[in-house]
Amino acid sequence: MKIAILIGIGFVALLHIYFLWFEMFSWTVRGPKIFRSLPKDMFEPTKAMAANQGLYNGFLAAGLIWTYFIENPVWYKNIALFFLGCVAVAGIYGALSVARKIFFVQALPALITIGLLLFF
């Protein structure tokens, strides 16, 4: 089960590294292709806002990656639960305020990994 937990944490971290890249470096190029329902002229004026969001996603990824270097099992579990919890809350909020799809992309992987951490 330890391997499943490590894979879950890694998957969530990789998602947030992707979010960082997308929001900080590719918002005006890939954004209009991904968010087709939004006006194309909206992406340039919101570039700084998206970059700020990307930075926060990077912090979440960094915290999750940090867990791979923690040797104390209690600290490892607590730090992993904290950062996964942050991801889950952000995903649930995004699902309620923006699009339900965010729950499945962001919150669900974090919640599954939290479940693995708590029960195994």
Side-chain angles (χ1 to χ4, degrees):
M1 205 45 64
K2 175 83 170 163
I3 291 174
I5 292 168
L6 292 172
I7 289 170
I9 290 171
F11 178 72
V12 174
L14 285 175
L15 276 175
H16 282 77
I17 290 169
Y18 169 75
F19 298 154
L20 173 145
W21 169 80
F22 169 69
E23 292 170 344
M24 291 189 80
F25 305 110
S26 191
W27 181 248
T28 57
V29 177
R30 298 207 22 98
K33 296 173 187 168
I34 294 172
F35 299 104
R36 291 187 182 122
S37 64
L38 299 175
K40 291 182 190 229
D41 62 344
M42 184 202 79
F43 290 91
E44 190 60 43
T46 60
K47 186 176 180 178
M49 179 198 66
N52 189 19
Q53 290 176 202
L55 187 62
Y56 285 100
N57 281 305
F59 292 144
L60 293 171
L64 291 168
I65 292 166
W66 175 31
T67 64
Y68 285 98
F69 302 98
I70 300 172
E71 293 181 15
N72 181 302
V74 174
W75 274 99
Y76 161 79
K77 186 174 184 178
N78 288 334
I79 298 299
L81 287 171
F82 173 78
F83 282 99
L84 289 166
C86 290
V87 169
V89 169
I92 291 167
Y93 181 79
L96 293 172
S97 62
V98 179
R100 283 183 20 185
K101 177 182 174 182
I102 294 172
F103 175 81
F104 299 102
V105 173
Q106 186 174 9
L108 189 59
L111 290 169
I112 290 169
T113 308
I114 287 170
L116 292 172
L117 271 166
L118 290 176
F119 296 109
F120 297 103

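Only a predicted model underlies this, so the values are computations on that prediction, with no experimental measurement involved. Sequential numbering from 1 along the given sequence is applied to the chain's residues.
Thr46 and Trp27 are linked by a side-chain donor-acceptor pair at a separation below 3.5 angstrom, with hydrogens and angles left out of the test.
Few gaps surround OH on Tyr68; more than 12 heavy atoms of other groups in view lie less than 6.0 Å from it. Residue-environment remark: CG (Leu118) exceeds the threshold of 12 foreign heavy atoms within 6.0 Å.
Going from atom OH of Tyr18 over to atom CG of Asn57 covers 11.5 Å, rounded to the nearest 0.5 Å. Annotation: the span from Lys33 atom NZ to Ser26 atom OG amounts to 8.0 Å, rounded to 0.5 Å. Interatomic distance, Thr67 OG1 to Leu81 CG, rounded to the nearest 0.5 Å: 10.0 Å. The CD atom of Glu44 lies 5.5 Å from the OG1 atom of Thr28; values are rounded to the nearest 0.5 Å. Phe43 contributes atom CZ, which lies 9.5 Å from atom CG of Asp41 (distance to the nearest 0.5 angstrom).
Linking Ile, Leu, Val, Met, Phe, Trp and Tyr whenever their side-chain heavy atoms come within less than 4.5 Å leaves Leu64 and Val105 in two separate clusters. The hydrophobic cluster containing Phe103 does not contain Val98, counting ILVMFWY residues as joined when their side-chain heavy atoms lie under 4.5 angstrom apart, directly or transitively. Both Trp66 and Ile17 belong to a single network of hydrophobic side chains, linked directly or stepwise wherever heavy atoms of I, L, V, M, F, W or Y lie under 4.5 Å apart. Grouping the Ile, Leu, Val, Met, Phe, Trp and Tyr side chains by contacts below 4.5 angstrom, directly or via other members, places Leu60 with Trp75. Transitive grouping of hydrophobic side chains (ILVMFWY, heavy atoms separated by less than 4.5 Å) keeps Phe25 and Val29 in distinct clusters.
The closest side-chain heavy-atom distance from Leu117 to Tyr76 is below 4.5 Å. Put simply, the side chain of Lys77 does not reach to within 4.5 Å of the side chain of Phe82, judged on heavy atoms. Put simply, the side chain of Gln106 does not reach to within 4.5 Å of the side chain of Leu15, judged on heavy atoms. By the 4.5 Å heavy-atom criterion applied to side chains, Tyr56 and Leu20 are not counted as neighbours.
What you find for Ala110 and Ala88 is that their closest heavy atoms are CB-N, 4.0 Å. Glu23 and Ala50 make their closest contact through CB-O, 3.1 Å (heavy atoms, listed as atom of the first residue, atom of the second, distance). Of all heavy-atom pairs between Ala13 and Ile65, the closest is CB-CG1, 4.0 Å.
With sequence neighbours left out, Glu71 forms a side-chain contact (heavy atoms from CB on, under 4.5 Å) with no residue at all. With sequence neighbours excluded, no residue forms a side-chain contact (heavy atoms from CB on, under 4.5 Å) with Val89.
Under the 30°/60° scheme for interplanar angles, the aromatic rings of Phe19 and His16 are found to stand perpendicular.
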N/O donor-acceptor pairs under 3.5 Å from side chains in residues 4-12, not counting sequence neighbours:
none

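Proximity of a side-chain donor or acceptor of Asn52 to a complementary backbone N or O of Ala48 within less than 3.5 Å is not detected.
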